[in-house]
J.: 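Once you've had a glance at the structure underneath, I'll fire off some questions.
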Amino acid sequence: MKRRRFGATGVDLPVVGQGTWNIPERGAGVKEAQRAIRRGIELGMVHLDTAEMYGAGRVEELVGEAIRGFARERLFIVTKVLPSNASYRGTLAAAERSLERLGCDYVDCYLLHWPGSHPLEETMRALETLVEQGKTRFAGVSNFETREMIEAASYLRKVPLACNQVLYHLCERGVEHSLIPSARERGIAVVAYTPFGRGSFLRSGSGRQACEAVARKHGATVRQVALAFLTRESGLFAIPKAARVEHVEENAEAGELELDHDDIAQVDEAFPRGDPGPLATL
Ligand code: NAP
């Protein structure tokens with residue numbers, strides 16, 4: 001699994017990690033989803049993304065159970081505070097609850113899930129307090145426009161803004177216009193969420209054909225091509241969610257796939273970047 005520098009944190013992370021939104025929260029699917037997470041970790045997908053929002057905390061508990069037995073320092077656990085909780089005190093309290101559910105003393109990166117109504121400066125100050133308290137190693141944001149991302153970074157005095165987690169997939173490439181270049185310039189990692197775009201790229205006839213052609217050339221799958229494309233440059237990461245072991249195994253292999261100039265041009269042509277516009281979110 002290819003690893004690269006996670007922004008200005010000094011930490012190297014696998015280019016493909018694991019999302020956990022909508023993993024089954026009860027029934028037989030829970031064990032399979034936890035097996036999938038563990039298999040992913042064994043294959044090097046140690047960047048685990050969750051949030052207090054997912055299953056109203058239930059997903060953090062399931063992730064906490066799934067990671068038991070792995071050396072904590074091998075993992076990179078990311079969770080997020082809801083904007084409605086993101087006052088200074090609210091953020092500190094939300095982080096405690098997340099740590100409790102995860103069964104961890106610290107997370108690796110704590111994000112503001114999306115911009116909200118609490119003053120951003122206050123939330124970022126709380127994230128820095130959590131870093132000082134050793135409850136998170138790094139601070140980040142999600143669903144932040146370029147301008148908001150720069151503003152968030154400006155409020156951090158002691159740690160760099162580690163990442164901005166944004167919607168990015170083959171049919172939604174708007175972040176390539178200004179967000180990705182601005183993030184790279186500032187040493188902020190960009191993490192692609194919903195990298196399969198709910199399967200939209202597979203429904204585009206000519207786009208799918210282009211991915212299939214590239215996939216055939218490399219003995220890969222179209223989803224692996226999509227993930228390799230999204231992580232084709234420095235500073236880019238993707239966190240597909242897979243609650244099935246065979247899906248995790250396929251996604252992990254994408255972390256080895258290196259697209260050449262022609263492959264990238266082919267996918268680029270099949271899925272035009274489009275015009276700049278407001279940041280797309282789910
Ligand atoms: P996604 O990863 O693009 O797609 C997930 C779907 O793809 C699931 O149905 C999954 O099936 C399927 N899948 C995964 N790997 C596959 C494979 N190799 N072959 C066939 N199907 C495969 O969508 P997402 O869950 O929306 O996004 C990923 C993660 O990003 C989330 O889980 C979450 O952690 C994060 N996220 C963050 C935000 C935010 O606001 N920050 C918003 C959305 C998502 P199975 O589950 O059945 O394996």
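Numbering starts at 1 and runs along the sequence shown. Values reported hereafter were calculated over all heavy atoms of this structure, with side chains retained and with hydrogens, waters and symmetry mates removed.
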J.: Is the shortest side-chain heavy-atom distance between Leu112 and Leu120 below 4.5 Å?
T.: yes
J.: Could you tell me how the ring of Phe76 sits relative to the ring of Phe138: parallel (under 30°), tilted (30 to 60°) or perpendicular (over 60°)?
T.: parallel
J.: Is the closest side-chain heavy-atom distance between Arg137 and Cys109 below 4.5 Å?
T.: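 Not touching, per the 4.5 Å side-chain cut-off.
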J.: Are Asn143 and Gln165 close enough, and set up right, to give a side chain to side chain donor-acceptor pair (under 3.5 Å), and what steps lead you there?
T.: CA-CA 6 Å; Asn143 296 301; Gln165 191 184 112; over 6 Å; no
J.: I need the minimum non-hydrogen distance between Gln18 and Ile41, along with the two atoms involved.
T.: NE2-N, 3.5 Å
J.: Determine whether a donor-acceptor pair (N or O, by modelled atom type, separation under 3.5 Å) exists between the side chain of Tyr155 and the backbone of Glu122.
T.: no
J.: Considering all heavy atoms of both residues, which atom of Pro24 and which atom of Val30 are nearest to each other, and what is their separation?
T.: O-CG2, 3.5 Å
J.: Could you give me the CA-CA distance, side-chain angles and deciding distance for Lys2 and Glu258, then say whether salt bridge (charged side-chain N to carboxylate O under 4.0 Å, His left out) is met?
T.: CA-CA 9 Å; Lys2 245 183 309 180; Glu258 202 75 62; 3.7 Å; yes
J.: List the atom of Val15, the atom of Met1, and the distance in Å for their closest heavy-atom pair.
T.: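 Minimum heavy-atom contact is N-SD, 4.2 Å.
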J.: Ile67 and Cys104: which non-hydrogen atoms are nearest, and at how many Å?
T.: CD1-SG, 3.9 Å
J.: Phe70, Tyr106: one ILVMFWY side-chain cluster at the under-4.5 Å cut-off?
T.: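 Different clusters.
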J.: Got a donor-acceptor contact below 3.5 angstrom from the Ser154 side chain to the Glu151 backbone?
T.: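 Flag set: sc Ser154 to bb Glu151 pair under 3.5 Å.
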J.: Starting at NE2 of His118, measure out to OG of Ser84 and round the result to the nearest 0.5 Å.
T.: 7.0 Å
J.: Answer yes or no: is there a side-chain heavy-atom contact under 4.5 Å between Val78 and Leu48?
T.: no
J.: Hey, what do you get for CG (Leu179) to CD1 (Ile188), rounding to the nearest 0.5 Å?
T.: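 Answer for the CG-CD1 pair, Leu179 versus Ile188, is 8.5 Å.
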J.: May I ask you to test the Ile264-Arg232 pair for a side-chain heavy-atom distance under 4.5 Å?
T.: yes
J.: Is there a salt bridge (charged side-chain N to carboxylate O under 4.0 Å, His left out) between Arg157 and Glu128 once you walk through the steps?
T.: CA-CA 8 Å; Arg157 305 260 174 270; Glu128 266 194 339; over 6 Å; no
J.: Could you tell me the separation between the OG1 atom of Thr9 and the CG atom of Asp108, rounded to the nearest 0.5 Å?
T.: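 Reported to 0.5 Å precision, the distance equals 10.0 Å.
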J.: Say you draw a straight line from NE2 of His177 to CG of Leu279; how long is it, rounded to the nearest 0.5 Å?
T.: 12.0 Å
J.: Are Phe6 and Phe237 close enough that their ring centers fall under 6.0 Å?
T.: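 Yes, the ring centres sit under 6.0 Å apart.
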J.: When hydrophobic residues are tied together by side-chain contacts of less than 4.5 Å, even through go-betweens, does Ile150 share a cluster with Leu127?
T.: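 No, Ile150 does not connect to Leu127 through the hydrophobic network.
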J.: Any side-chain heavy-atom pair from Tyr168 and Val191 closer than 4.5 angstrom?
T.: no
J.: Return yes if some donor-acceptor pair links the side-chain N/O of Glu25 with the main-chain N/O of Arg58 below 3.5 Å, else return no.
T.: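 Looks like no, no N/O pair under 3.5 Å.
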J.: Any sub-3.5 Å donor-acceptor pair from Asn164's side-chain atoms to Phe144's backbone N or O?
T.: yes
J.: Mind listing the closest non-hydrogen atom pair of Met45 and Ala252 along with its distance?
T.: SD-CB, 3.5 Å
J.: Just by modelled atom types, is the Thr20 backbone N or O under 3.5 Å from a matching donor or acceptor in the Thr50 side chain?
T.: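 Side chain of Thr50 to backbone of Thr20, a donor-acceptor pair under 3.5 Å: no, none is there.
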J.: When you measure from the side chain of Arg4 to the backbone N and O of Leu236, does any donor-acceptor pair fall under 3.5 Å?
T.: yes
J.: Transitively linked via ILVMFWY side-chain contacts under 4.5 Å: Leu82 with Leu130?
T.: yes
J.: What I want to find out is whether Glu250 reaches Arg223 closely enough, with some N-O distance under 4.0 Å, to be called a salt bridge.
T.: no
J.: Is the cationic atom of Arg173 (NZ for Lys, CZ for Arg) positioned less than 6.0 Å from the six-membered ring centroid of Phe229 and within 45 degrees of its normal?
T.: no
J.: Can you find a side-chain donor-acceptor pair between Glu65 and Gln34 that sits under 3.5 Å?
T.: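 The criterion, which ignores hydrogens and geometry beyond distance, is satisfied for Gln34 and Glu65.
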J.: Before you tell me yes or no, could you show the steps for Glu246 and Arg244 under salt bridge (charged side-chain N to carboxylate O under 4.0 Å, His left out), namely the whole-Å CA-CA distance, both residues' side-chain angles and the distance that decides it to 0.1 Å?
T.: CA-CA 6 Å; Glu246 64 268 30; Arg244 291 166 58 175; 2.8 Å; yes
J.: Does any N or O in the side chain of Arg184 come within less than 3.5 Å of the main-chain N or O of Ser234, such that one atom is a donor and the other an acceptor?
T.: yes
J.: Answer yes or no: are there more than 12 heavy-atom neighbours, outside Lys217 itself, under 6.0 Å from its atom NZ?
T.: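 Correct, the count exceeds 12.
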J.: Answer yes or no: is there a side-chain heavy-atom contact under 4.5 Å between Leu161 and Met124?
T.: yes
J.: Looking only at side-chain N and O atoms, does Lys135 offer a donor or acceptor that is under 3.5 Å from a partner on Tyr110?
T.: no
J.: Quick one: does Glu96's side chain have a donor or acceptor within less than 3.5 Å of a partner on Ala93's backbone?
T.: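 No, the answer is negative, given that no donor and acceptor are paired below the 3.5 Å cut-off.
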J.: Compare all side-chain heavy atoms of Thr136 with those of Val107 and state whether any distance is below 4.5 angstrom.
T.: yes
J.: Just to verify, which of Glu60, Arg101, His113, Glu52 counts as forming a side chain to side chain donor-acceptor pair (under 3.5 Å) with Thr79?
T.: Glu60
J.: Do any N or O atoms from the side chain of Glu172 and from the backbone of His169 form a donor-acceptor pair under 3.5 angstrom?
T.: no
J.: Between Glu42 and Arg38, is there a side-chain N and carboxylate O pair less than 4.0 Å apart?
T.: no
J.: Closer than 3.5 angstrom, by distance alone: can the side chain of Ser87 be matched with the main-chain N or O of Gly90 as a donor-acceptor pair?
T.: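 Yes, the answer is positive, given that a donor and an acceptor are paired below the 3.5 Å cut-off.
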J.: Between CD of Gln209 and CZ of Arg216, what distance do you get to the nearest 0.5 Å?
T.: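 CZ of Arg216 is found 9.0 Å from CD of Gln209.
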J.: Quick one: OG on Ser206 to CD on Glu269, what's the gap to the nearest 0.5 Å?
T.: 9.5 Å
J.: Are Leu99 and Leu92 connected, step by step, through hydrophobic side chains (Ile, Leu, Val, Met, Phe, Trp, Tyr) whose heavy atoms are closer than 4.5 Å?
T.: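 Yes.
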J.: Are Cys163 and Val190 close enough that some pair of their side-chain heavy atoms sits under 4.5 Å apart?
T.: no
J.: For the residue pair Ala243 and Ala36, what are the closest heavy atoms and their distance?
T.: C-CB, 3.8 Å
J.: Look at the side-chain heavy atoms of Ile, Leu, Val, Met, Phe, Trp and Tyr, link any pair under 4.5 Å apart, and say whether Leu257 and Leu43 land in one connected group.
T.: no
J.: Does atom CD (Glu100) have a neighbourhood of more than 12 heavy atoms from anything else shown, all under 6.0 Å?
T.: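 Not buried by this count: 12 neighbours or fewer within 6.0 Å.
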J.: Would you please test His218 and Asp263 for side chain to side chain donor-acceptor pair (under 3.5 Å) and show each step?
T.: CA-CA 10 Å; His218 291 278; Asp263 305 328; 2.7 Å; yes
J.: What's the verdict on side chain to side chain contact (heavy atoms under 4.5 Å, CB included) for Leu167 and Thr281, showing C-alpha distance, side-chain angles and the deciding distance?
T.: CA-CA 6 Å; Leu167 180 67; Thr281 57; 5.6 Å; no
J.: Would Arg125 and Tyr88 count as a cation-pi pair here, with the cationic atom under 6.0 angstrom from the ring centre and within 45° of the axis?
T.: yes
J.: How far apart are the C-alpha atoms of Met53 and Lys80, what are their side-chain angles, what is the distance that settles it, and do they pass the side chain to side chain contact (heavy atoms under 4.5 Å, CB included) test?
T.: CA-CA 8 Å; Met53 186 188 96; Lys80 316 183 193 82; over 6 Å; no
J.: Before giving the answer on side chain to side chain donor-acceptor pair (under 3.5 Å), spell out for Tyr193 and Lys241 the whole-Å C-alpha distance, their side-chain angles and the decisive distance to 0.1 Å.
T.: CA-CA 9 Å; Tyr193 77 64; Lys241 168 261 182 183; over 6 Å; no
